[in-house]
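Remember, predicted model here, so these are calculated numbers, not experimental data. Basis for what follows: all heavy atoms, side chains included, without hydrogens, waters or symmetry-related copies.
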Amino acid sequence: QVQLVESGGGLVQAGGSLRLSCAASGRTFSSYSMGWFRQAPGKERDFVSAISGSGGSTYYADSVKGRFTISRDNAKNTVYLQMNSLKPEDTAVYYCAATLKTYFLGSRSLYAYWGQGTQVTVSS
């Protein structure tokens, strides 16, 4: 069982930055690939970014490539999402998720564990 707790959301102006954190319980954090997803009101929960257990492989949605950076610190059981050059369309609830899978990390159905989400609001 893995418990995930996100933090770091908030209100920011367009062009600004935020860093989201996701703290995980458990002693096998490095065994899990981690993903970030987001859900805007009335929309599906969409893939944002993912990182392999070692941190050696990262993946991004085209909409955030070049602006967001995912990273992890396995010693701290934490995954991060650095978000720069934020746009109003980035406004959503952001969720972190964990999976033991190592492929198709953009598919939310592969993730067994989810956090409660953190709100990110970008004003224009």
Side-chain angles (χ1 to χ4, degrees):
Q1 192 80 2
V2 177
Q3 292 185 323
L4 304 172
V5 179
E6 302 99 332
S7 61
L11 174 64
V12 64
Q13 289 189 330
S17 298
L18 282 174
R19 188 175 84 153
L20 305 183
S21 299
C22 174
S25 65
R27 293 176 291 178
T28 59
F29 180 66
S30 61
S31 298
Y32 290 86
S33 300
M34 300 296 295
W36 285 97
F37 291 75
R38 66 186 182 186
Q39 188 168 20
K43 296 193 175 182
E44 298 276 320
R45 189 172 298 188
D46 291 332
F47 170 73
V48 175
S49 183
I51 189 167
S52 61
S54 67
S57 297
T58 57
Y59 310 87
Y60 297 94
D62 287 343
S63 59
V64 306
K65 205 170 291 184
R67 299 188 298 124
F68 291 11
T69 302
I70 191 170
S71 61
R72 66 189 296 159
D73 184 338
N74 286 341
K76 295 183 178 179
N77 280 17
T78 302
V79 61
Y80 305 98
L81 186 68
Q82 178 67 43
M83 305 186 295
N84 298 330
S85 302
L86 282 161
K87 305 175 181 179
E89 51 262 45
D90 294 317
T91 295
V93 177
Y94 283 70
Y95 298 89
C96 73
T99 179
L100 288 172
K101 304 296 185 182
T102 59
Y103 51 85
F104 300 133
L105 296 181
S107 174
R108 67 174 188 256
S109 64
L110 294 185
Y111 291 82
Y113 304 102
W114 292 83
Q116 83 289 348
T118 186
Q119 176 71 47
V120 171
T121 302
V122 184
S123 63
S124 56

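- A donor-acceptor pair is defined here as one N or O able to donate and one able to accept, closer than 3.5 Å; no such pair exists between the side chain of Gln13 and the backbone of Ser123.
- Follow the hydrophobic side-chain contacts under 4.5 Å out from Trp36 and you reach Tyr60 in the same cluster.
- Remark: side-chain polar atoms of Asn74 are paired, donor with acceptor, to backbone N or O of Gly53 under 3.5 angstrom.
- A donor-acceptor contact shorter than 3.5 Å is absent between the side chain of Tyr80 and the backbone of Thr69.
- Taking the charged nitrogens against the carboxylate oxygens, Asp90 and Lys87 have no contact shorter than 4.0 Å, which rules out a salt bridge.
- In this structure, Arg72 satisfies the cation-pi test against Phe29, with its NZ or CZ atom closer than 6.0 Å to the six-membered ring centre and inside 45 degrees of the ring normal.
- Expressed to the nearest 0.5 Å, how far SG of Cys22 lies from CH2 of Trp114 amounts to 11.0 Å.
- Contact between Asn84 and Ser17 at its shortest, heavy atoms only, is OD1-OG, 2.9 Å.
- Put simply, the side chain of Ser63 reaches to within 4.5 Å of the side chain of Arg38, judged on heavy atoms.
- Heavy-atom minimum distance, Ser52 versus Ser33: CA-OG, 4.0 Å.
- Leu4 and Tyr111 end up in different hydrophobic clusters when Ile, Leu, Val, Met, Phe, Trp and Tyr side chains are linked at under 4.5 Å.
- No donor-acceptor pair closer than 3.5 Å links the side chain of Arg108 to the backbone N or O of Phe37.
- Shortest non-hydrogen contact noted between Val120 and Gly9 is CG2-CA, 4.1 Å.
- Interatomic distance, CD of Glu89 versus OG of Ser124, reported as 10.0 Å (0.5 Å rounding).
- In the displayed structure, Gln3 atom CD is contacted under 6.0 Å by at most 12 heavy atoms of other residues, nucleotides or ligands.
- Heavy-atom neighbours of Lys65 NZ from other residues, nucleotides or ligands within 6.0 Å: above the threshold of 12.
- Checked against a 6.0 Å centroid threshold, the rings of Tyr59 and Phe47 do not count as neighbours.
- Using modelled atom types, no side-chain atom of Thr121 and backbone atom of Thr91 make a donor-acceptor pair closer than 3.5 Å.
- A continuous path of hydrophobic side-chain contacts links Val64 to Leu18 [ILVMFWY only; heavy atoms under 4.5 Å].
- There is no path of hydrophobic side-chain contacts, each under 4.5 Å, that joins Tyr95 to Leu20.
- Atom OG of Ser71 is separated from atom CZ of Arg19 by 7.0 Å, given to the nearest 0.5 angstrom.
- Panel note: side chain Glu6, backbone Gln116; a donor-acceptor pair is recorded below 3.5 Å.
- Cluster annotation: Ile70 is connected to Leu100 through the hydrophobic network of ILVMFWY side chains, with a link wherever side-chain heavy atoms come within less than 4.5 Å.
- Scanning all heavy atoms of the two residues, the minimum distance from Ser49 to Leu81 falls at CB-CD1, 4.1 Å.
- Between Arg67 and Met83, every side-chain heavy-atom pair lies at or beyond the 4.5 Å cut-off.
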